[in-house]
Participant: 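Pasting a structure here, questions to come.
Here the structure is a predicted model, which means the values were calculated and not measured.
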Amino acid sequence: MKIDVVMPKMGESINEGTIIKWYKKKGDAVEKDEIIFEISTDKVDTEIPSPDDGILSEIKVFENETVEVDTVVAIIETEGSASQSGNEEEAKPEPVKEAAPEEVASTAEVGGEVVDIPMPKMGESVMEGTIIKWNKEVGDPVEVDEIIFEISTDKVDTEVPSPVEGTISEILFGENDTVEVGVTVAKVTTSGGVRQSVPASSKKEEPAPKQEAPAQKSDAAPVINSSVVSDTPQTGRFYSPLVMNIASKEDVSHSELEMIKGSGVSGRVTKKDILAYLEERKSGKAAPVQQQSKPQSQPVQQAAPEQSSESKIITPHEGIEVIPMDNIRKRIMYHMINSRDTSVHVTAVIEVDLTKIHNFLKAKKQSYLEKTGVKLTYLSFIAYSAIKALKEYPLLNASIENDNILVKHFVNLGVAVAVEPNGLIVPNIKNADEKNIKGLAREIIDLSYKARNKQLMPDNIMDGTFTLTNYGTFGSLFGTPIINQPEVGILGVGAVTKKPVVVEFDGADTIAIKPMMYLSLSHDHRLVDGMLGGKFLRHVKDTLENFDTNLV
C-alpha cells in the first residue's frame, strides 16, 4: 500500500513549511516513528517521523523548498505493496542488476535515477530567481547537501544544495538567467548511474524541443540560456555543452555556429537559437541568417533589445572599463528607484551626546563579552532606543496601502548590512520590541553574519516595519538614507566622534570634549510630517543621553 507523507500543519496560522533536511534517500527502508525529514515554519523547526514501516519510494519535495500544508512531500510503500510484486529481496536488486549493463536508451534505466533540480521557491510572493553562480559543471560528482549553485531573488540571495548524491548530468540555465520557480535548472544522475552527459541529448528528449522550435523562433528574448561554457578560438563566443551536442548531432560546423544570431547574454547562442537555425536550414532559409549575423553587434541588438545599450558601450574609449551590473546591484537599483518614486522623502537630523553609553562600554564591554559571549556596540543601544520611540509614536511603524494607514503593533526592526564587494541587504529582527539589549545585540550579530555568508532565509528579510542603517561604520557623519519600502521611516546612524561642545556647569557655560553622533531620520511625508519626525528623533536622543545602564 502507498502512503502519502504530507507537509504537516504546525499551528493554526501556519499555511506552509520549508524542508530543511532529508534524513532518508529514495529506496531507503524506514520504520514507523523513525525521523525521515526536518521542516521549518514561521513558528517552529521540527523533525517529522514516518507514519508506518516501509520503503521511501518517492521524494517529491526537496531541501529548501517551501510548500503549502497538506502537500504530499514523499510516498512510502509498505511491505504489503512490495510483496504483491514478489519477494522484497528479489524486488530490490533486479532493477539495478538489469538496468546498469543492459539499458542505454534512457538515463533513468542505467543504474541511477535522474533527479530534477528545480528553481526553489524562496517565499510566498517570490515567483522567479536568478542564477548568479554555478559551483559545479556537467560531469562533476556531487554529494548530498553540497552546494551546486547560487540564486538571487527579490527577497534573498542563497545557495542551493544537491538533494541527492550523484553526478551533474545536465545544466539547463546559465549564470544571470532568470527562471520561474519550479522550473528544472539542472539534472543529477544518482550514484551508480551514467556519469556523462550523453543521456541529455538522447532520442527520447530530442523530438520535444524540435516541436517547440517553430513557436520559439519568434521569441525575441528567450528564457533558456547556456551554462557550462567553452570558448572557440576563432571568435571567443561561448557555446554550452547542450548547444555543442545539438550541433554535433546535426552536423553544424563551428563556422555556422559563429554566424547564428545569439539572443542570450552578450549574444550567446542558446538552445532555442540553434533549433530555430536548424528549422531555417531545413527550409532553405538559413542563408539570410548567416548574412545578417556576420556583424556581431547588430544581431545582439536585434535579438535582445534590452542588451542594446550594453552593446553600444562594449567598445569604449581607452581608459574606460565597462563593468556589467551583477544581479544584486540591479535589484538594489530597482528598489531604490521604486522607493524614490513612491515615498515623499524628507530628512531631519539631530545631534546626540553619547557620553553615558560611551563610558559604560569603555568600562564593561570586555567583561560583558567574556561573561555572556555577546559583543555590545552603540548600535544595540540605538536599536533599543528607536524601538522605544516607535512604541511612543506608532505612525513611524506603519505603512501605506492605497488610502489606508496600516499601523503595526509589533516591531520587526530592519538592520541594513553591507555585503562585499558592493551590495546591501536588510534583514530584520522579528518582534524586536520583545527583546532586551542583550537579545538585540545577539540578533544584530547573527543576522549580519548570515547576510555576509548567504545564509539568510526569506523570512529574515520579509515584513520589516522600520529600518536602521549604520553608515557611521565607514566614517560618515550623517546622510539622507532612502526608505525601505513599504516602510515610512529609516533612521541613519552616523559615526561617533569626539568633539568640543558647549555644556553648562554650575550655571556657567564651558567647553568639554564629548563623544557625539548625528542621527538622521528619513520619513515619508505622505504620512509623517515634520512635527512627528522631530518628536520621534527627540525621543531617541533623550533615551540615549539618559540611558539606564542597569537595563544591560
Side-chain angles (χ1 to χ4, degrees), residues 131 134 137-139 170-179 185-186 196-198 200-203 205-317 322-324:
I131 298 171
W134 279 103
E137 298 182 354
V138 173
E170 191 171 358
I171 292 178
L172 303 175
F173 293 88
E175 293 177 1
N176 298 318
D177 283 349
T178 299
V179 187
V185 299
Q196 59 261 46
S197 60
V198 175
S201 59
S202 65
K203 293 180 181 178
E205 295 183 14
E206 192 175 338
K210 285 191 175 182
Q211 292 170 5
E212 295 172 1
Q216 295 169 336
K217 194 168 73 173
S218 61
D219 190 351
V223 177
I224 295 180
N225 207 330
S226 56
S227 177
V228 184
V229 294
S230 60
D231 61 329
T232 56
Q234 292 97 329
T235 65
R237 291 182 77 184
F238 294 103
Y239 302 101
S240 71
L242 181 59
V243 169
M244 293 298 292
N245 206 0
I246 294 172
S248 176
K249 290 180 68 65
E250 300 294 338
D251 295 324
V252 177
S253 65
H254 274 299
S255 59
E256 285 181 279
L257 279 174
E258 292 165 13
M259 290 187 288
I260 295 175
K261 290 191 298 182
S263 60
V265 177
S266 301
R268 193 180 299 174
V269 176
T270 68
K271 175 183 174 183
K272 291 182 180 179
D273 297 330
I274 191 170
L275 290 175
Y277 171 76
L278 290 172
E279 288 296 319
E280 291 185 344
R281 190 173 72 170
K282 287 179 183 177
S283 62
K285 298 178 181 178
V289 175
Q290 294 175 0
Q291 291 170 4
Q292 292 171 1
S293 301
K294 286 181 181 179
Q296 288 296 326
S297 59
Q298 288 182 347
V300 175
Q301 294 173 18
Q302 294 169 2
E306 69 276 9
Q307 299 278 341
S308 60
S309 59
E310 181 180 338
S311 301
K312 290 176 183 176
I313 63 171
I314 281 298
T315 55
H317 296 292
V322 177
I323 304 175

Participant: Identify the two heavy atoms, one from W134 and one from A186, that lie closest to each other, and give their separation to 0.1 Å.
Facilitator: CH2-CB, 3.6 Å
Participant: Between D251 and R281, what is the shortest heavy-atom contact and its length?
Facilitator: O-NH1, 3.5 Å
Participant: If we only count heavy atoms from C-beta on, is the I274 to E250 side-chain gap below 4.5 Å?
Facilitator: no
Participant: What's the separation between atom CD in E137 and atom CD1 in I171, rounded to the nearest 0.5 Å?
Facilitator: 7.5 Å
Participant: Of the non-hydrogen atoms in L257 and A247, which two are nearest, and what is the gap between them?
Facilitator: CD1-CB, 4.2 Å
Participant: Looking at every non-hydrogen atom in both residues, tell me the closest pair between V322 and P324 and how far apart they are.
Facilitator: O-CD, 3.7 Å
Participant: Any heavy-atom pair between the side chains of I246 and Y277 that's under 4.5 Å?
Facilitator: no
